[in-house]
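First the proteins, then the strands, lettered A, B, ... as listed; each starts at 1.
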Amino acid sequence: MGRGKAGPSQYCQRTVSSDDTPLDDIHSGSGLVAEKAKRLQKLDDLRHQGTNPYPYRFDRTTTLGALRKEHGTLEPGTETEIQVAVAGRVMLLRDSGKLIFATMRDRDDEVQLFISKAVVGDEAFDAIKGLDLGDWVGAHGTVMTTRKGELSVKVERLELLSKAVRPMPDKWHGLTDTDTRFRQRYADLIVNDEARKNFRVRHEIIASFRRTLHGRGYIEVETPVLHVEAGGAHARPFITHHNTLDMQLYLRIALELHLKRLIVGGMERVFEIGRIFRNEGISTRHNPEFTMMELYQAFADVEDVIEITETLITQAAIDATGTSVVTVFRPDGGSEEIDLAQPWRRARMIDLVEEATGVAVHPSQPVEDLRALAAQHGVSVNPRWGSGKIIEELFEATAEHTLIAPTFVTGHPVEISPLARVDRNDPHLTERFELFVGARELANGYSELNDPVEQRLRFEDEQAAKDAGDAERGTVDEDYLRALEYGLPPTGGLGIGMDRVAMLIAGVNSIKEVILFPTLRPEAF
RNA sequence: GCCCCUCUAGCUCAAUGGUUAGAGCAGUGGACUUUUAAUCCAUUGGUUCAGGGUUCGAGUCCCUGGGGGGGCACCA
């Protein structure tokens, strides 16, 4: 806080007229510079009249949504005595001489302001004529409807709450330029209903997840973003540095290893919704930072987390949009409607590959056989890869694009699943699933490997692959192994990509539509 | 990193290689007391992303660079 000296702040002293630019030059024309100059001049004029164009607060009595809910059914031509105070942004102005109609919008609705010269008086009416599209205003008045039945507030007193000195985008077409929409998300949100809707849906999904999980006794936790080792997934990390400790740190690429430490600690059911960071490409499905929900449940296995996955996503769709029917985009550019309330398909990865190639595959097969099959299907193979990794590559090349309706792909090879428990019926596979919808991976879960001796061996295989040049492979996390040595109960774990769930339920085809500020190259100013 | 597309007024968009780059909205001036993207009359506003080049002539064609989009690669 500054010292409470009375009088205007030093920052208010600067005026348009103190600028070097000749006013005549700046006030002519209507480019951006001229428009801003005109509006800045209005600020000067208001201050000289003793009006603060940026007052500190406004006490509204109702929101526009509540106003419509309460009075939306009034007959046309109704005048009431009901006094209200509303606040919002001026989106449209219709001036018909001694009567001005303004469309005011607040967070959840729009209502018309009916401003009559005879009601507010000549002086106030002239001031209102100085309003610009985009200004924030507060209005005191009574509830009425026009002859045509438009719900309105008949304004008795109007207060400028904040002057917009930059003009709004096109009042009808809004903003369409993607560059501007993503860089200036504030402008996108002001004018594009669709953008506001998408982020509302995202919020409802996350709220729904929390409700479902709280209802099942999960505890929400927060674990470190700065990691000494970037584990829990195969991805390239962002690297940063801590000055005081003088050490390299990584931004997390997964939540997994810390959350499972908490299960060791006896918390039994934990989840975290958090940002993770992967130093990889940007696309319609990838942003370098994105939001993951991971949960871990003691005494559960992969079957339990499959059930939770289906419930979480279907319930979120219902909570966010009122229906379990979603539009799924196919890789071929088409789309189809799918009801998430229908049972979701389950198929083993090896069976999907066999379905697509006509050849039975299994990680126990000699790697040469699988290399030959990969070659037949144009899948290039790294010589370091074993049979399991090649099967995964074959799956991605031949089967993944066909998985439009929700499908749990199960039984991933051990080689590509260093933290998952081996299948109780097949030592070459794991008790694992990945959920695909619209050929996109949305979730990943498994029965957690809790044998510290086996986990060490798996980590050592990861370390060996990393040392051999595979930057995305993992390392031996000694502290995690120490935790496992204390005893991790049988545990089921799950990770869900929240951005992709939001894309699915909002019905959009780009991750940038559900991330408020997607990663972009810096703008040149 | 590679390939394709794109960039024109504050916003949304026009403009066969050929006058001085045009519209709508926003803005400005005027009319109007029930409008609904109000309407009507008048009107201001341009480094056509930047820099080169070809040409008598470039917003338009070519090259280089930049932003964005899409695809590929990368990506449990």
Side-chain contact check for A:Arg285: nearest option of B:C13, B:A38, B:C72 is B:C72

Kindly indicate whether the side chain of A:His173 and the base of B:C11 share any N or O donor-acceptor pair separated by less than 3.5 Å?
-> no

Per atom distances to the A:Phe182 side chain, the nearest of B:C32, B:G69, B:C11 is B:G69

How far does the C1' atom of B:A15 sit from the matching atom of B:U60, given to the nearest Å?
-> 9 Å

Whole angstrom value for the distance that separates C1' of B:C49 from CG of A:Asp177 = 12 Å

Hey, is the side chain of A:Thr178 poking within less than 4.0 Å of OP1 or OP2 on B:U6, counting only N and O atoms?
-> no

C1' spacing across the pair B:C49 / B:G67, given as an integer number of angstrom = 8 Å

Can you tell me how far P in B:G30 sits from the matching atom in B:U12, rounded to whole Å?
-> 30 Å

Quick one: is A:Lys171 getting a side-chain N or O under 4.0 Å of the B:A38 phosphate, OP1 or OP2?
-> yes

Are A:Lys512 and B:G69 close enough that a side-chain N or O sits under 4.0 Å from OP1 or OP2?
-> yes

Is A:Lys129 salt-bridged to A:Asp95, going by a charged N under 4.0 Å from an acidic O?
-> yes

Exactly one candidate in A:Glu462, A:Glu460, A:Glu415, A:Glu229 meets salt bridge (Lys or Arg N to Asp or Glu O under 4.0 Å) with A:Arg473; the answer is A:Glu462

Here the gap from A:Glu400 atom CD to A:Met349 atom CE, rounded to the nearest 0.5 Å, amounts to 8.5 Å

A:Arg94 vs B:U35: side-chain N/O to OP1/OP2 distance below 4.0 Å = no

Out of B:U33, B:C75, B:G69, which has the shortest distance to the side chain of A:Ser116?
-> B:U33

Take atom P in B:U64 and the same atom in B:C2, then report the distance between them in whole Å.
-> 12 Å

Nearest-nucleotide check on RNA chain B, A:Thr519 vs A:Lys154; residue mapping nearer the 5' end is A:Lys154

P-based separation of B:G59 from B:U16 [nearest Å] = 13 Å

Do A:Lys197 and A:Asp193 meet the salt-bridge criterion of a basic N to acidic O distance under 4.0 Å?
-> no

Rounded to the nearest Å, what distance is computed from the CZ atom of residue A:Phe125 to the P atom of nucleotide B:U33?
-> 9 Å

Between the side chains of A:Gln463 and A:Asp467, is a donor N or O closer than 3.5 angstrom to an acceptor N or O?
-> yes

Whole angstrom value for the distance that separates P of B:G70 from CD1 of A:Ile282 | 11 Å

Rounded distance in Å - NZ (A:Lys129) to C1' (B:U28) = 14 Å

Mapping A:Arg278 and A:Leu93 to their closest nucleotides on RNA chain B, which lands nearer the 5' end?
-> A:Leu93

The single option from A:His258, A:Glu272, A:Arg261, A:Glu256 passing side chain to side chain donor-acceptor pair (under 3.5 Å) against A:Thr223 = A:Glu272

Side-chain donor-acceptor pair present, A:Glu448, A:Thr491, cut-off under 3.5 Å = no

Under 3.5 Å donor-acceptor pairs involving side-chain atoms of residues 493-503 of chain A, not counting sequence neighbours:
unit_1, atom_1, unit_2, atom_2, d
A:Asp499, OD1, A:Arg202, NH1, 2.8
A:Asp499, OD1, A:Arg202, NH2, 3.3
A:Asp499, OD2, A:Thr291, N, 2.7
A:Arg500, NE, A:Arg285, O, 3.3
A:Arg500, NH1, A:Glu441, O, 2.8
A:Arg500, NH2, A:Arg285, O, 3.2
A:Arg500, NH2, A:His286, NE2, 3.3

With heavy atoms under 4.0 Å as the rule, sort A:Gly174 into base, sugar-phosphate or nothing.
-> sugar-phosphate

Of the listed nucleotides B:C32, B:C13, B:C74, the one nearest the side chain of A:Ser96 | B:C32

Presence of A:Arg521 side-chain N/O under 4.0 Å of B:G67 phosphate oxygens OP1/OP2 | yes

Given B:G68, is OP1 or OP2 found less than 4.0 Å from the side-chain N or O atoms of A:Arg183?
-> yes

Describe the nucleic acid contact of A:Thr284 in one word from base, sugar-phosphate, nothing, applying a heavy-atom distance below 4.0 Å.
-> sugar-phosphate

Roughly how far apart, to the nearest Å, are B:U48 and B:C3 at atom P?
-> 29 Å

Nearest-Å distance, CE (A:Met168) to C1' (B:U12)?
-> 16 Å

Pairing annotation in dot-bracket form, given for RNA chain B with Watson-Crick or G-U pairs under 3.5 Å and | for cross-strand partners = (((((((..((((....[...)))).(((((.......))))).....(((((..]....))))))))))))....

Side-chain (A:Asp108) to main-chain (A:Gly65) donor-acceptor, under 3.5 angstrom = yes

Side chain of A:Asp179 - closest among B:G68, B:C75, B:U35 = B:G68

P-based separation of B:G57 from B:U39 [nearest Å] = 45 Å

Nearest whole angstrom, please: distance from the C1' of B:U35 to the CE of A:Met144.
-> 11 Å

Expressed in whole Å, how much space separates the P atoms belonging to B:C40 and B:G24?
-> 11 Å

Could you check how far CG of A:Asp132 sits from P of B:G27, rounded to whole Å?
-> 7 Å

Any idea which of B:U12, B:U34, B:G69 is nearest the A:Glu79 side chain?
-> B:U34

Nucleotide of B:G68, B:A37, B:G27 approaching A:Leu520 most closely (side-chain heavy atoms) | B:G68

To the nearest Å, how far apart are A:Glu434 CD and B:C75 P?
-> 14 Å

Considering the options A:Leu435, A:Thr309, A:Ile313, A:Val328, which one meets the side chain to side chain contact (heavy atoms under 4.5 Å, CB included) requirement together with A:Pro406?
-> A:Leu435

A:Glu150, nearest nucleotide to its side chain (from B:U35, B:G27, B:G71) = B:U35

When you measure from the side chain of A:Lys38, which nucleotide among B:C25, B:U34, B:U28 comes out closest?
-> B:U28

Name the closest nucleotide to the A:Trp172 side chain, picking from B:U28, B:U36, B:A37.
-> B:A37

